[in-house]
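What follows is a set of notes on a single structure, which appears directly below.
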Amino acid sequence: MATTTVKRQVRGMQRTARRAAVAGAVGAATLSALLLPATPASAQPVNTPVGTFDVPDQIQLPAGIPGLPESLPVNIPALPGILTPWGPAAPGPQSGPRQAAVNAALSRVGDPYVYGAAGPDAFDCSGLVQWSYAQAGISLPRTSYEQLNSGSPVSFDDLEPGDVVSFYGGSHSGIYVGDGNVVHASTSGQPVKVAPVSSMPFAGARRI
């Protein structure tokens with residue numbers, strides 16, 4: 001009886017060892033296949049601001065691995081200024097005279113407010129707007145009331161960078177810079193700064 005029990009235990013141990021060996025062989029084969037260099041598919045040019053690079057549209061996977069597809073697609077998301085063969089480039093930052101005016105106004109942040117000044121080192125509200133647009137090659141009227149009648153009217157909800165925004169019934173003006181903010185020369189003792197549009201009573205906006 002004891003001899004029979006021992007034989008059964010030995011046979012069970014042998015079967016377990018064979019199963020472990022088979023499993024180890026399969027795992028090693030799978031790992032070896034995964035470690036083999038994948039063969040890339042045809043490459044497509046991707047244009048970036050720093051040059052053009054060839055990127056494969058899909059990557060071939062090693063054959064013979066259960067549950068894996070033959071290849072994986074390569075998807076590059078749309079990014080500003082990046083042109084791929086799979087779709088148009090995402091829109092980049094706004095350019096043109098209105099953005100140039102925004103950039104000019106932002107370059108004067110920190111300059112002092114001086115009533116009647118129109119730059120280049122000190123400004124009142126309408127003087128900053130006029131000077132900033134002059135840097136973009138566009139002539140605007142000198143006073144904030146006149147600026148409220150320039151260009152085309154724009155609603156508060158449709159503001160875009162570069163729009164001239166008026167406050168306090170038209171007695172104050174600034175330039176919308178995006179994200180709910182305006183750059184302006186506010187008042188005596190305060191430098192040119194960026195502030196929320198909602199911090200002052202909105203009187204209207206014009207698109208130049």
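Please read all numbers here as calculations on a predicted model, not as lab measurements.
- To the nearest 0.5 Å, the span separating OG on Ser155 from CZ on Arg207 amounts to 8.5 Å.
- Looking only at distances, no side-chain donor or acceptor of Ser166 sits under 3.5 Å from a matching main-chain atom of Ser173.
- Ser186 contributes atom OG, which lies 11.0 Å from atom CG of Asp124 (distance to the nearest 0.5 angstrom).
- Distance alone, capped at 3.5 Å, places no donor-acceptor pair between the Asn149 side chain and the Glu146 backbone.
- Judged by distance alone, the side chain of Arg108 and the main-chain N or O of Pro120 form a donor-acceptor pair under 3.5 Å.
- Shortest non-hydrogen contact noted between Leu148 and Gly170 is CD2-CA, 4.0 Å.
- For Gln147 (side chain) and Val164 (main-chain N/O), no donor-acceptor pair under 3.5 Å exists by modelled atom type.
- Grouping the Ile, Leu, Val, Met, Phe, Trp and Tyr side chains by contacts below 4.5 angstrom, directly or via other members, places Val177 apart from Val197.
- Residues Tyr145 and Ser171 share a closest heavy-atom pair of OH-CB, 3.3 Å.
- Val192 and Phe167 end up in different hydrophobic clusters when Ile, Leu, Val, Met, Phe, Trp and Tyr side chains are linked at under 4.5 Å.
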Exercise for review: Applying side-chain contact (heavy atoms from CB on, under 4.5 Å), run through Val102 and Val183 and close with a yes or a no.
Suggested key: CA-CA 8 Å; Val102 169; Val183 58; 5.9 Å; no
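- Shown here for Gly169 and Ala203, the closest heavy-atom pair between the two residues is N-CB, 3.6 Å.
- Leu159 and Ile175 are assigned to two separate hydrophobic clusters, defined by single-linkage of ILVMFWY side chains at heavy-atom distances under 4.5 Å.
- Proximity of a side-chain donor or acceptor of Tyr133 to a complementary backbone N or O of Gly137 within less than 3.5 Å is not detected.
- Shortest non-hydrogen contact noted between Ala136 and Pro97 is CB-O, 3.3 Å.
- Using a 4.5 Å cut-off on side-chain heavy atoms (C-beta onward), Pro191 and Tyr113 make no contact.
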Practice item. Give the intermediate values and the outcome of side-chain contact (heavy atoms from CB on, under 4.5 Å) for residues Ile208 and Ser150. Key: CA-CA 7 Å; Ile208 308 302; Ser150 300; 4.2 Å; yes
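- Atoms CZ and CD, from Phe123 and Gln130 in turn, are 10.5 Å apart once rounded to the nearest 0.5 Å.
- Considering every non-hydrogen atom in both Arg142 and Gly127, the closest pair reads NH1-N, 3.1 Å.
- Neither Tyr115 nor Leu128 shares a network with the other; the hydrophobic side chains, linked directly or stepwise wherever heavy atoms of I, L, V, M, F, W or Y lie under 4.5 Å apart, form separate groups for each.
- In this structure a side-chain-to-backbone donor-acceptor pair under 3.5 Å is present from Arg98 to Pro161.
- Contact between Gly174 and His184 at its shortest, heavy atoms only, is CA-CB, 4.0 Å.
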Practice item. Could you please spell out the steps behind the side-chain contact (heavy atoms from CB on, under 4.5 Å) verdict for Val182 and Met200? Key: CA-CA 10 Å; Val182 63; Met200 296 170 283; 3.9 Å; yes
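- Remark: Asp163 CG to Ser152 OG distance equals 10.0 Å, nearest 0.5 Å.
- Taking hydrophobic clusters as Ile, Leu, Val, Met, Phe, Trp and Tyr residues chained together by side-chain heavy-atom distances below 4.5 Å, Val194 does not share a cluster with Phe202.
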